[in-house]
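Every number for a ligand or one of its atoms is a count from 1 in the order of the listing. Scope of the values below: all heavy atoms of this structure, side chains included, with no hydrogens, waters or symmetry mates.
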Amino acid sequence: MVILAIESSCDDSSAAVIVDGKLRSNIVASQAIHQKWGGVVPELASRAHQQHIVPVVSEALAVAQIDKKDLDAVAFTRGPGLLGSLLVGTSFAKSLALGLGIPLIDVHHMQAHVLAHFIDDPQPTFPFLCLTVSGGHTQIVLVRSALDMEIIGETQDDAVGEAFDKTAKLLDLPYPGGPLIDKYAKEGNPLRFEFPMVEMQGLNYSFSGIKTSFLYFLQKEAAKNPSFVAENLADICASMQHTLIKILLQKLKKAAKMHHIKEIAIAGGVSANSGLRQALQNLGTELGWRVYIPQFQYCTDNAGMIAMAAHFKAEKQLFCTQDVSPMPRMAW
Ligand code: KG4
Ligand code: ZN
């Protein structure tokens with residue numbers, strides 16, 4: 001089975017080819033235009049997808065050495081994501097499948113982040129828990145099989161990626177700030193500053209309070225010393241990152257205990273964070289977990305993960321019709 005997959009949910013245009021469950025290519029074109037505006041501008045994102053989609057698909061086919069006549073199905077991200085961005089990938093996939101007379105596979109973006117773990121070895125065994133952390137989501141997912149997943153905890157307000165990005169914005173760092181916080185944190189003292197952690201019920205998270213308290217903290221310190229940020233950037237980043245990771249892992253630990261599961265994975269853009277990766281490894285060693293951390297290229301948005309998810313759906317003949325439309329708030 002040869003599947004071409006397309007990802008266009010946010011600000012990365014990506015295409016990948018998978019052959020019988022083995023990824024043959026994974027091409028990503030990121031959109032630098034948003035840096036200037038300090039965040040993703042939806043209208044600019046959809047225009048950039050329109051420019052990127054044809055070259056990205058051509059390259060994915062060329063790298064995989066697959067002609068479009070060899071394709072058995074076309075997969076695409078149906079949601080969640082930005083409507084204008086999703087529309088580009090969805091329309092392209094529908095047209096191509098229609099032109100070639102082959103089936104279509106619609107993929108849930110967050111489920112694909114989880115299934116990125118099956119692109120390479122080692123692969124988790126079912127059931128496992130996946131902490132799925134991105135710019136739009138923060139979820140603990142109970143994964144019973146590739147096609148049977150349940151969210152057992154999630155953020156009630158901001159996503160942790162947003163908390164990283166908004167913290168960075170308050171520090172005047174460019175978008176996306178998560179990777180920069182990560183970079184500066186490496187040089188800093190994680191215990192230098194303390195930020196309040198909000199206690200949430202059960203396995204849920206909240207990240208909006210920490211953003212506000214961080215703003216007040218900066219205002220208070222800047223009133224005493226206008227160069228506070230410049231003089232303490234590494235310690236501020238390290239302390240904030242340390243707090244966010246602590247919040248994430250506390251609930252993951254609780255979930256693992258509640259469900260008696262020791263197979264633990266992380267996924268999504270924030271799983272690229274080196275502090276989180278290290279802290280999870282340490283916790284895993286302490287608690288006897290088998291920990292699964294994706295390669296960097298499969299952490300942030302990419303069509304390889306969409307291709308992997310499509311492969312599992314194709315095995316069960318789960319195709320969709322030509323009248324599907326994008327779902328910005330797609331349910332699980
Ligand atoms: O999964 P993703 O590429 O897109 C969404 O589906 O949202 O995640 C993007 C998020 C952004 O908030 C970005 O700042 C964050 O992932 N991110 C990181 C790192 N790399 C990406 N956050 C912290 N540390 C990183 N190294
Ligand atoms: Zn994502």
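Among the atoms of E162, none of the N or O lies under 3.5 angstrom from an N or O of ligand 1. Of the polar atoms of D12, none of the N or O atoms is found under 3.5 Å from an N or O of ligand 1, judged by distance alone. Among the atoms of G268, none of the N or O lies under 3.5 angstrom from an N or O of ligand 1. Geometrically, ligand 1 and G177 share no nitrogen or oxygen pair separated by less than 3.5 Å. Considering both main-chain and side-chain atoms, S274 never comes within under 3.5 Å of ligand 1 through any nitrogen or oxygen pair.
Within the protein, the number of N, O or S atoms lying under 2.8 Å from the Zn ion (ligand 2) is 3.
If you look at T300 next to ligand 1, the close heavy atoms, those under 4.0 Å, come from the backbone and the side chain alike. Only side-chain heavy atoms of H113 come within less than 4.0 Å of ligand 1; its backbone N, CA, C and O stay farther off.
For H109, the heavy-atom gap to ligand 1 drops under 4.0 angstrom.
Short contacts between ligand 1 and G136, defined as distances under 4.0 Å to a heavy atom of the residue, involve ligand atoms 7 (O). Against a heavy-atom cut-off of under 4.0 Å, G161 is close to the following atoms of ligand 1: 12 (O).
Here salt bridge (charged side-chain N to carboxylate O under 4.0 Å, His left out) pairs that include residues 184-205, with residues two or more places apart or in two chains, are R192-D235.
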